[in-house]
Asker: 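Below: one structure in structure tokens.
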Amino acid sequence: MTDKPYSNFKATLAIAKASFRSIIRSPSSVVFTLLFPLIFILVFGFISGGGVISVDVGVAKTNDTLNPVYQALKKVSVIRLIHNQTPEQMEANLKKGSIDAILNIQKNTTPPYFTVNIQHSKASGDKEAILKSALNNIFFQLNSHIPDAPPPVAIIKEAEVETREYKTIDFILPGQLGFSLLSTGVFGTAFVFLSLRITLVIKRFFATPVKRYSIVIGEAIARISFALIGALFIILIGHYAFGFTLVHGVVTVLNMLLLSLIGVVVFMGFGFVVSGIAKNESTVPPIANMITLPQFLLSGTFFSINVFPAWLQPISRALPLTYLNDSLRKVAFEGASLVDVSHQILIMCIWGVVVYAVAVKTFKWE
């Protein structure tokens, strides 16, 4: 009677099953993947705002840029005037919440001397009120320089574009989901493979017919499965408890999970690099934090990267978490398809290729 040939496929599944059990029993995994993001979602879900205020205003092509109202508005620090968009792009971005208003100031031959036309939408939230407040303050200052109770220098005419409301949770939740995936991919992978090496478990594996790829794939399946379960949990809590927008329902959820899959695979590459560089478990946190902390702070987790200084924004836009957060928000609120966010996916994949190339050079089996 001949023995059955050894099955590395079954070995891979056995490793994945054992690793998944280990993950769900680990307090740190639960905290970083579920508890921390959930706490942030709860906090921001109960408040109406937060972070640095910035009102993005598209300037119409027909806008009079030489008038004193516009010149004064340019000096208001919270107002960011945007010129490099076509009328069609501005209207589309207004409906999606990418810009908060469209401004078109027209000069009149009789008082009031300027008509300030403002288009806004529900997606703008309270930003439209901030813009109006800034304009009214400008009107007051201009009127105060004209003696004898002058007629108003300018008036505001508003028009609202019909669209869905953009809530705080629609910005915060994708950032927290990205944070969860980053933490799971980097810290989880780094700790588990370093531990397997230090405790000589990998050497014991080598005494069996199991292949190296079975060890890596088995651990990866477990970590990816846990990350996707956590992602689904975060999305559903955000949607049913706080009204997180899912434009196309189940299809949107599936697209977000596919993006989460790509994200966690890329972030696991960082974890492999850390596990190869770290000499012991005490050196993992500082090395991992050098990778995760800049992304957590600079990748639009809590507020738009547009509020950063101009010199810092290119750094933010070079980070992989920025592209994951951006693609998740576009899919969830704007209803974008995976094809629509193919640019973000491509950048993340390029990061993945680079990181795994480094991981191959740094990773240690013994």
Side-chain angles (χ1 to χ4, degrees), residues 16 19-20 23-24 29-41 169-190 192 217 219-242 244-272 291-292 295-296 299-302 319-353 355-356:
S19 180
F20 185 80
I23 292 170
I24 60 176
S29 297
V30 175
V31 166
F32 279 106
T33 303
L34 299 178
L35 187 58
F36 275 6
L38 186 58
I39 289 173
F40 285 122
I41 289 170
I169 193 68
D170 291 321
F171 185 87
I172 291 298
L173 188 142
Q176 294 310 309
L177 178 54
F179 163 68
S180 170
L181 297 170
L182 179 65
S183 299
T184 299
V186 177
F187 283 94
T189 304
V192 72
I217 294 175
E219 290 288 348
I221 290 173
R223 199 147 303 281
I224 291 169
S225 300
F226 182 71
L228 293 183
I229 291 171
L232 181 62
F233 177 76
I234 290 171
I235 293 168
L236 294 180
I237 287 290
H239 179 66
Y240 288 108
F242 301 106
F244 174 64
T245 303
L246 296 170
V247 176
H248 300 307
V250 175
V251 174
T252 299
V253 173
L254 292 176
N255 284 340
M256 292 183 73
L257 290 178
L258 286 172
L259 290 171
S260 299
L261 171 63
I262 296 170
V264 75
V265 169
V266 172
F267 298 144
M268 284 175 60
F270 288 107
F272 284 119
I291 295 172
T292 59
Q295 296 191 68
F296 182 50
S299 293
T301 302
F302 290 110
L319 301 173
L321 183 58
T322 299
Y323 293 93
L324 177 61
N325 289 342
D326 184 46
S327 59
L328 288 171
R329 290 183 178 116
K330 286 181 181 295
V331 165
F333 184 77
E334 299 177 15
S337 66
L338 294 181
V339 175
D340 296 327
V341 294
S342 57
H343 171 70
Q344 289 87 340
I345 293 174
L346 176 62
I347 299 297
M348 285 192 289
C349 290
I350 291 173
W351 263 105
V353 171
V355 170
Y356 277 97

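Note: hydrogens, waters and symmetry copies are ignored here, and every other heavy atom, side chains too, is used. If you read the sequence from its start, that first residue is 1, and numbering goes on from there. Remember, it's a predicted structure, so these values are computed and weren't measured experimentally.
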Asker: Under 3.5 Å, side chain of Asn325 to main-chain N/O of Ser299, donor-acceptor pair present?
Answerer: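 It does hold such a pair.
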Asker: Tell me the closest heavy-atom pair linking Ala332 and Phe244, and the distance in Å.
Answerer: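 So the minimum-distance heavy-atom pair works out to CB-CZ, 3.5 Å.
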Asker: Determine whether Val192 and Arg223 make a side-chain contact, defined as any pair of heavy atoms from C-beta on separated by less than 4.5 Å.
Answerer: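 Contact flag for Val192/Arg223 side chains = yes.
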Asker: How long is the straight-line distance from CZ of Phe333 back to CZ of Phe171, given to the nearest 0.5 Å?
Answerer: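 Output value for this atom pair is 12.5 Å.
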Asker: CZ/Phe242 to CD1/Ile237 distance, rounded to the nearest 0.5 angstrom?
Answerer: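 Going from CZ on Phe242 over to CD1 on Ile237, the span is 8.0 Å.
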Asker: Could you tell me which non-hydrogen atom of Ile224 sits nearest to which non-hydrogen atom of Met268, and how far apart they are?
Answerer: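 Heavy-atom minimum between the residues: CG1-SD, 3.9 Å.
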Asker: Could you give the side-chain donor-acceptor pairs of residues 250-262 under 3.5 Å, partners two or more places apart or in another chain?
Answerer:
residue : atom : partner : partner atom : Å
Thr252  : OG1  : His248  : N            : 2.8
Ser260  : OG   : Met256  : O            : 2.8

Asker: So Met348 and Val265, side chain to side chain contact (heavy atoms under 4.5 Å, CB included) or not? Walk me through it.
Answerer: CA-CA 10 Å; Met348 285 192 289; Val265 169; over 6 Å; no
Asker: Can you see which heavy atom on Gly238 is nearest to which on Leu173, and at what distance?
Answerer: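 For Gly238 versus Leu173, the nearest heavy atoms are CA-CD1, 3.4 Å.
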Asker: With a 4.5 Å cut-off on side-chain heavy atoms, are Ser337 and Asp340 touching?
Answerer: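 With C-beta onward as the side chain, the pair touches.
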Asker: Would a distance-only check, ignoring hydrogens and angles, find a side-chain to backbone donor-acceptor pair under 3.5 Å from Ser180 to Gln176?
Answerer: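 A pair under 3.5 Å: no.
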Asker: Give me the atom names and distance for the closest heavy-atom approach of Val355 to Phe270.
Answerer: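 What the structure gives for the nearest pair is CG1-N, 3.3 Å.
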Asker: CG/Leu324 to CD1/Ile347 distance, rounded to the nearest 0.5 angstrom?
Answerer: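 Spacing of CG (Leu324) from CD1 (Ile347) equals 13.5 Å.
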Asker: Enter the distance from Phe296:CZ to Leu182:CG here, rounded to the nearest 0.5 Å.
Answerer: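 The CG atom of Leu182 is 9.5 Å from CZ of Phe296, to the nearest 0.5 Å.
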Asker: How are the rings of Tyr323 and His343 set relative to one another: parallel (under 30°), tilted (30 to 60°) or perpendicular (over 60°)?
Answerer: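 Because their plane-to-plane angle is over 60°, the rings of Tyr323 and His343 count as perpendicular.
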Asker: For Ala336 and Val341, which heavy atoms make the closest approach, and how far apart are they?
Answerer: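 Of all heavy-atom pairs spanning Ala336 and Val341, the closest is CB-CG1, 4.3 Å.
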Asker: Under the side chain to side chain contact (heavy atoms under 4.5 Å, CB included) rule, what do Lys330 and Gln344 come out as? Steps first, then yes or no, please.
Answerer: CA-CA 10 Å; Lys330 286 181 181 295; Gln344 289 87 340; 3.4 Å; yes
Asker: At their closest point, which heavy atom of Phe179 faces which heavy atom of Leu321, and how far apart are they?
Answerer: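 What the structure gives for the nearest pair is N-CD1, 4.4 Å.
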Asker: What distance separates Phe267 CZ from Thr184 OG1, expressed to the nearest 0.5 Å?
Answerer: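 The OG1 atom of Thr184 is 10.5 Å from CZ of Phe267, to the nearest 0.5 Å.
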Asker: Between Leu319 and Thr322, does a side chain to side chain contact (heavy atoms under 4.5 Å, CB included) hold up when you go through it step by step?
Answerer: CA-CA 6 Å; Leu319 301 173; Thr322 299; 3.9 Å; yes
Asker: Roughly how far, to the nearest 0.5 Å, is OG of Ser183 from CD of Gln295?
Answerer: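 Those atoms lie 10.0 Å apart.
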